[in-house]
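Here the structure comes first, spelled out in structure tokens, and everything after it is commentary.
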Amino acid sequence: MSVEVYYDDDADLGLIQAKKVAVIGYGSQGHAHALSLRDSGVDVVIGLPEGSKSRPKAEEQGLRVVTPAQAAAEADVIMVLAPDTAQRALYTESIAPNLAPGKAIFFGHGFNIRYGLIKPPAEVDVAMVAPKGPGHLVRRQYSDGKGVPCLVAVEQDASGNALALALAYAKGIGGTRAGAIRTTFTEETETDLFGEQAVLCGGAAALVQTGFEVLTEAGYAPEVAYFECLHELKLIVDLMYEGGIAKMRYSISDTAEYGDLSRGHRIIDSRVKDEMRKILGEIQSGEFAREWVAEDEAGRPNFTKWQAEGAAHPIEETGKKLRGMMSWVDRPITETA
Ligand SMILES: NC(=O)C1=CN([C@@H]2O[C@H](COP(=O)(O)OP(=O)(O)OC[C@H]3O[C@@H](n4cnc5c(N)ncnc54)[C@H](OP(=O)(O)O)[C@@H]3O)[C@@H](O)[C@H]2O)C=CC1
Ligand SMILES: CC[C@](O)(C(C)=O)C(=O)O
Ligand SMILES: [Mg+2]
Ligand SMILES: [Mg+2]
């Protein structure tokens, strides 16, 4: 099945330059969208609650900041980049009362639309521009004249022009320099959640911690275990990123490649694959969304406990010490806003 991909020549920046855009939220994605849109000649206003700790940062970067309700009232296009769990109340209290026919509401992730937590009226466009990378990389790539590929989707096309507007927005943040892939809210939400749970965040973190535990429990030095299970993962992933698994296998030793080919599927075996299917089922059925919304509404008791347990894992202490010895380890991209 082939996907539609749009590039700069397929997008008319003038469409978004003719609109006023409210970016609600000024975190990882919000700062990247707002600054890049502004640098693309778009009239941008930031919506943040009074007392938000992001306010000084946005103001220092020369942006006008008002409340989310005022930003939504002023704007033609409202991009919602607050945390997913805050979006439903934000929508009900500040955005819905300020929607009118002809306006558009945009998202960076489809969670609230996919699971029916936000139901915009039929007279507004509902679209998504979701960069496939962390916000700080989105901004850095834009500033370097490049872009991070993004997904675009239209849930509701009241104006008949929603896709063109979404592509114009994607161009304004550099997305169509790299390519904007057409998808749906459902596909983006379900694959994004699956990817972060099973592979990128949940799967990878558990793999690293478990490998570290096996080596240290067997008496090997934590420092050596850290290098083997975490530090070198970047070198391996960089090779995959550049040329797929094939390039990684080309680059490693034959001994490593034989170990990879003969042992990898003993780790990620049919039980793990079945569990991945189960996780996908929980995402598709809405079970995960209901659980996460309930957890958030209860004050995040499990989230907080698991976060603290993760932070206390011995690999963190070892890593902190070792990274202090590695002058070549760049400042993390999460610290460059
Ligand atoms: N992180 C990423 O790279 C990616 C994120 N996304 C999606 O982008 C969206 C934003 O996520 P992300 O950038 O990570 O969010 P962050 O947590 O980095 O930032 C959230 C921002 O929203 C503000 N905020 C919090 N509550 C409200 C509220 N009630 N009203 C208005 N603003 C509020 C925060 O202010 P304060 O400083 O006061 O807390 C902060 O500025 C989500 O939908 C996410 O799924 C999509 C792709 C990648
Ligand atoms: C992989 C995590 C992510 O989905 C992302 C940066 O794309 C997120 O929600 O932060
Ligand atoms: Mg993602
Ligand atoms: Mg995500």
Side-chain angles (χ1 to χ4, degrees), residues 22-36 45-61 63 65-72 75 78-96 98 105-115 117-118 127-142 148-153 169-170 173 175 180-181 183 185 187-205 237 241 283 288-289 292-293 296 300 303 332-337:
V23 175
I24 313 289
Y26 199 75
S28 177
Q29 289 292 321
H31 91 283
H33 291 225
L35 293 174
S36 302
V45 61
I46 307 301
L48 285 168
E50 308 278 6
S52 158
K53 53 188 188 306
S54 299
R55 275 189 168 236
K57 198 189 291 176
E59 281 163 351
E60 274 159 29
Q61 289 171 331
L63 292 157
V65 184
V66 296
T67 62
Q70 192 180 331
I78 301 152
M79 170 52 104
V80 184
L81 293 173
D84 297 312
T85 46
Q87 290 182 13
R88 181 162 52 161
L90 165 71
Y91 175 81
T92 309
E93 289 158 21
S94 305
I95 299 177
N98 292 299
I105 179 164
F106 279 21
F107 294 85
H109 176 43
F111 190 90
N112 281 271
I113 293 289
R114 162 64 183 86
Y115 294 112
L117 301 166
I118 292 178
M128 175 175 16
V129 180
K132 285 286 94 183
H136 300 85
L137 182 67
V138 173
R139 177 59 182 158
R140 191 197 296 166
Q141 288 291 302
Y142 176 90
V148 170
C150 61
L151 300 181
V152 289
Y169 185 105
I173 62 169
I181 298 168
T183 185
F185 271 65
E187 183 175 67
E188 185 276 338
T189 305
E190 294 178 2
T191 55
D192 187 79
L193 293 176
F194 178 80
E196 66 201 20
Q197 291 174 24
V199 182
L200 304 174
C201 309
V237 170
Y241 189 79
I283 292 166
F288 169 76
W292 174 217
V293 169
D296 185 61
R300 304 188 173 198
F303 184 87
I333 55 173
T334 47
E335 289 176 10
T336 59

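Start at 1 and go down the list; that is how both ligands and their atoms are numbered. Remember, it's a predicted structure, so these values are computed and weren't measured experimentally.
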For Gly135, does its backbone N or O pair with a side-chain atom of Ser28 as donor and acceptor, under 3.5 Å?
-> yes
Minimum heavy-atom distance between Leu81 and Gly30, given as atom pair plus value = CD1-CA, 3.7 Å
Can you name the nearest heavy-atom pair linking Gln87 to Asn112, along with the distance?
-> OE1-ND2, 3.1 Å
Do any heavy atoms of Gln87 fall under 4.0 Å from ligand 1?
-> yes
CD1/Ile113 to OG1/Thr189 distance, rounded to the nearest 0.5 angstrom?
-> 9.0 Å
What are the atom names and distances for all N or O pairs under 3.5 Å between ligand 2 and the protein?
residue  : atom  : partner : partner atom : Å
ligand 2 : 4 (O) : Asp192  : OD1          : 3.1
ligand 2 : 4 (O) : Asp192  : OD2          : 3.3
ligand 2 : 4 (O) : Glu196  : OE1          : 2.6
ligand 2 : 9 (O) : Glu196  : OE1          : 3.1

Per-atom contacts of ligand 1 with Leu90, taking only distances under 4.0 Å to non-hydrogen atoms | 30 (N)
Closer than 4.0 angstrom: is that true for some heavy atom of Gly135 and an atom of ligand 1?
-> yes
Report the nearest protein non-hydrogen atom to atom 46 (C) of ligand 1: residue, atom name, distance rounded to 0.1 Å.
-> Gly108 O, 3.4 Å
Gly133 heavy atom under 4.0 Å from ligand 1 = yes
Verify, without hydrogens or angle tests, whether Asp84 (side chain) and Phe111 (backbone) share a donor-acceptor contact under 3.5 angstrom.
-> no
Going by heavy atoms in the side chains, are Ile24 and Ile78 under 4.5 Å from each other?
-> yes
Going through the checks in order, is the side chain to side chain donor-acceptor pair (under 3.5 Å) test met by His31 and Gln61?
-> CA-CA 9 Å; His31 91 283; Gln61 289 171 331; over 6 Å; no
Would you say His109 and ligand 1 have an N/O pair spaced under 3.5 Å apart?
-> no
State, to 0.1 Å, how close Val129 and Cys150 come at their nearest heavy-atom pair, and which atoms those are.
-> CG1-SG, 4.2 Å
Distance in Å, Gln141 CD paired with Ser36 OG, rounded so as to fall on 0.5 Å steps | 10.5 Å
Lys57 side, atom NZ; Leu48 side, atom CG - distance, nearest 0.5 Å | 10.5 Å
Audit row: Leu63, Tyr26, side-chain contact (heavy atoms from CB on, under 4.5 Å) steps and yes/no = CA-CA 11 Å; Leu63 292 157; Tyr26 199 75; 3.3 Å; yes
The protein heavy atom nearest to atom 19 (O) of ligand 1 is Gly27 CA, 3.2 Å
Here the gap from Phe106 atom CZ to Met128 atom CE, rounded to the nearest 0.5 Å, amounts to 11.0 Å
Does Glu188 reach the main-chain N or O of Gly110 with its side chain, forming a donor-acceptor pair under 3.5 Å?
-> yes
What residue and atom, counting heavy atoms only, is the protein's closest point to atom 39 (O) of ligand 1, and at what distance?
-> Lys53 NZ, 3.3 Å
In terms of residue, atom name and distance, what is the protein heavy atom nearest to atom 31 (C) of ligand 1?
-> Pro49 CD, 3.5 Å
Can you tell me how far OG1 of Thr67 sits from CZ of Arg55, rounded to the nearest 0.5 angstrom?
-> 7.0 Å
For the Mg ion (ligand 3) the protein N, O or S atom count under 2.8 Å stands at 1
For atom 15 (O) of ligand 1, the protein heavy atom that lies nearest, with its residue and separation = Leu81 O, 4.3 Å
Out of Pro83, Gly30, Ala82, Cys150, whose heavy atom sits nearest atom 25 (C) of ligand 1?
-> Pro83
Would you say Gly47 has any N or O atom under 3.5 Å from an N or O of ligand 1, going by distance alone?
-> no
Tell me which protein heavy atom sits closest to atom 48 (C) of ligand 1, plus the residue, atom name and distance to 0.1 Å.
-> Gln29 NE2, 3.2 Å
Which protein heavy atom lies closest to atom 37 (O) of ligand 1, and at what distance to 0.1 Å?
-> Ser54 OG, 2.4 Å
Give the numbers and elements of all ligand 1 atoms closer than 4.0 Å to a heavy atom of Ile24.
-> 31 (C)
For Asp84, the atoms of ligand 1 under 4.0 Å from one of its heavy atoms are 42 (C), 43 (O), 44 (C), 45 (O)
For Ser52, atoms of ligand 1 separated by under 4.0 Å from a heavy atom | 35 (O), 36 (P), 37 (O), 38 (O)
Identify the protein heavy atom lying closest to atom 18 (O) of ligand 1, giving its residue, its atom name and the separation to 0.1 Å.
-> Ser28 N, 2.9 Å
Taking Thr92 for the side chain and Arg88 for the main chain, is one N or O donor matched with an acceptor at less than 3.5 Å?
-> yes
Rounded to the nearest 0.5 Å, the CG atom of Leu35 sits from the CD1 atom of Ile173 at a distance of 12.0 Å
Kindly assign one of parallel, tilted or perpendicular to the pair Tyr169 and His33, based on the angle between their ring planes and the thresholds 30° and 60°.
-> tilted
Thr191 and Glu187 side chains, donor-acceptor separation under 3.5 Å = no
